[in-house]
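Below, each value reflects all heavy atoms present in this structure, side chains not excepted, and no hydrogens, waters or symmetry copies. Since the structure is predicted, the reported quantities are computational estimates derived from the model, not experimental observations.
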Amino acid sequence: MHPTSAERILVDLRAQDPVSQAGVASQLRTRPEVRIVDPAGAEDAQVVLVVVDLIDDEVLSLLRQLQRTGTARGVLVTTHIDEQQLVSAAECGFVGVIRRTEATPERLVQVIAAVAKGEGHVPADLLGTLLAQVGRLQGEVLGPRGLNFTGLSVREIEVLRLVAEGYDTADIALKLAYSERTIKNVLHAVMTRLNLRNRSHAVAYALRQGLI
């Protein structure tokens, strides 16, 4: 069953040249899963699809502008991309990256759908390098400061783990050799920073993030 018009993913298409714009648009218009929006409706788009040959300073400036001025998730189609350019694109909120040689209509729709759901996609040959850079950042920058990519410290994660195991504040304070006030302050800081309602919500968050 094809998606209804209301279920289609709204896509704002931005290409560097008219030929690419027309070519990609013609590919996607035949797909029932997506709908390309007119420029006037760009603010309603769920995904912004940018098609370029090279990722230079001008393109990165465009990606940053799109990130600042809109809420759509980003997909980047490019002829050439290296590891550093991939990181730069990700910093601009473009978590879906696909090379032109792989950008068949079927693949494009798959990546657009994944990004619309909050997932990501990068070329397989660049994934290992990207993960290695993430590991270095964690080991050399965040780790020595007691932090990780979730924004939680090692102590905060340990407190949440013990809460999840059913320990109360007094038990946690005893186990970790902190005062009860410190444990309460840790939990309050986590819930405030991450906009969590209560201890159960905090534990659920930690579970979803794979921290405990």
| Does the pair D171 and L162 meet the rule for a side-chain contact (heavy atoms from CB on, under 4.5 Å), with working shown? | CA-CA 9 Å; D171 291 332; L162 291 172; over 6 Å; no
| field | Stepwise side-chain contact (heavy atoms from CB on, under 4.5 Å) test for Q16 and V59 | value | CA-CA 9 Å; Q16 271 187 319; V59 169; 3.4 Å; yes
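- In terms of heavy-atom proximity, D44 sits nearest to L10 at O-CD1, 3.6 Å.
- Atom CD of E58 has 12 or fewer heavy atoms from other residues, nucleotides or ligands within 6.0 Å.
- Within a 6.0 Å sphere centred on CG of D57, other residues, nucleotides and ligands contribute 12 heavy atoms or fewer.
- Counting heavy atoms from C-beta outward, I98 and R107 have side chains that approach closer than 4.5 Å.
- Taking the side chain as every heavy atom from C-beta outward, D168 and V163 never approach each other to under 4.5 Å.
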| request: List the steps, then state whether side-chain contact (heavy atoms from CB on, under 4.5 Å) holds for V50 with V75. | output: CA-CA 6 Å; V50 176; V75 174; over 6 Å; no
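- A distance of 11.5 Å separates CG in L76 from CZ in R99, rounded to the nearest 0.5 Å.
- Criterion: ILVMFWY side-chain heavy atoms under 4.5 Å apart, direct or through other members. Under it, Y178 and V186 are part of a common hydrophobic cluster.
- Residue-environment remark: CG (D56) exceeds the threshold of 12 foreign heavy atoms within 6.0 Å.
- Counting all heavy atoms, side chain and backbone alike, Q67 lies closest to E91 at NE2-O, 3.4 Å.
- In this structure, V51 and R100 have side chains that are in contact, with non-hydrogen atoms separated by less than 4.5 Å.
- P123 and V97 get closest at one heavy-atom pair: CD-O, 3.5 Å.
- When the side chains of ILVMFWY residues are joined at heavy-atom separations under 4.5 Å, either directly or via intervening members, F94 and V122 end up in a single hydrophobic cluster.
- Rounded to the nearest 0.5 angstrom, C92 SG and I55 CD1 are separated by 9.5 Å.
- A salt bridge does not link K175 to E158: none of the charged nitrogens lies less than 4.0 Å from a carboxylate oxygen.
- No side-chain heavy atom of K184 sits under 4.5 Å from any side-chain heavy atom of H188.
- A distance of 6.5 Å separates CG in L187 from OG1 in T169, rounded to the nearest 0.5 Å.
- Using a 4.5 Å cut-off between side-chain heavy atoms of Ile, Leu, Val, Met, Phe, Trp and Tyr, with links allowed through other members, L13 and V48 fall into different hydrophobic clusters.
- Using a 4.5 Å cut-off on side-chain heavy atoms (C-beta onward), L28 and P105 make no contact.
- Rounding to the nearest 0.5 Å gives a distance of 8.5 Å between CG of L160 and CD1 of I172.
- Tracing side-chain contacts under 4.5 Å through hydrophobic residues (I, L, V, M, F, W, Y), one never reaches V37 starting from I112; they form parts of separate clusters.
- Contact check for V11 versus Q46: no side-chain heavy atoms found under the 4.5 Å cut-off.
- Between the side chain of D82 and the backbone N or O of Q84, at least one donor-acceptor pair lies under 3.5 Å.
- Here the side chains of I36 and D12 are not in contact, with every heavy-atom distance at 4.5 Å or above.
- Residues D53 and T78 fail the side-chain proximity criterion, which asks for heavy atoms closer than 4.5 Å.
- No side-chain donor-acceptor contact under 3.5 Å links T182 and R155.
- Nearest heavy-atom pair across H80 and L54 is CD2-CD2, 3.4 Å.
- Connection of L66 to I81 is established within a shared hydrophobic cluster, with ILVMFWY side chains joined at heavy-atom distances below 4.5 Å, either directly or through further cluster members.
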| request: Begin with the C-alpha distance, continue with both residues' side-chain angles, and end with the deciding distance and a verdict on side-chain contact (heavy atoms from CB on, under 4.5 Å) for L196 and V190. | output: CA-CA 8 Å; L196 302 171; V190 169; 4.2 Å; yes
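- A pairwise comparison of heavy atoms in S88 and L60 identifies CB-CD2, 3.8 Å as the closest pair.
- Shown here for Q27 and R31, the closest heavy-atom pair between the two residues is O-CG, 3.7 Å.
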| task | Applying side-chain hydrogen bond (donor to acceptor under 3.5 Å, both in side chains), run through R14 and S20 and close with a yes or a no. | result | CA-CA 9 Å; R14 310 286 188 101; S20 294; over 6 Å; no
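- Rounding to the nearest 0.5 angstrom, the gap separating the CD atom in E102 from the CG atom in L108 is 10.5 Å.
- Distance check: L207 CG to R161 CZ gives 12.0 Å after rounding to the nearest 0.5 Å.
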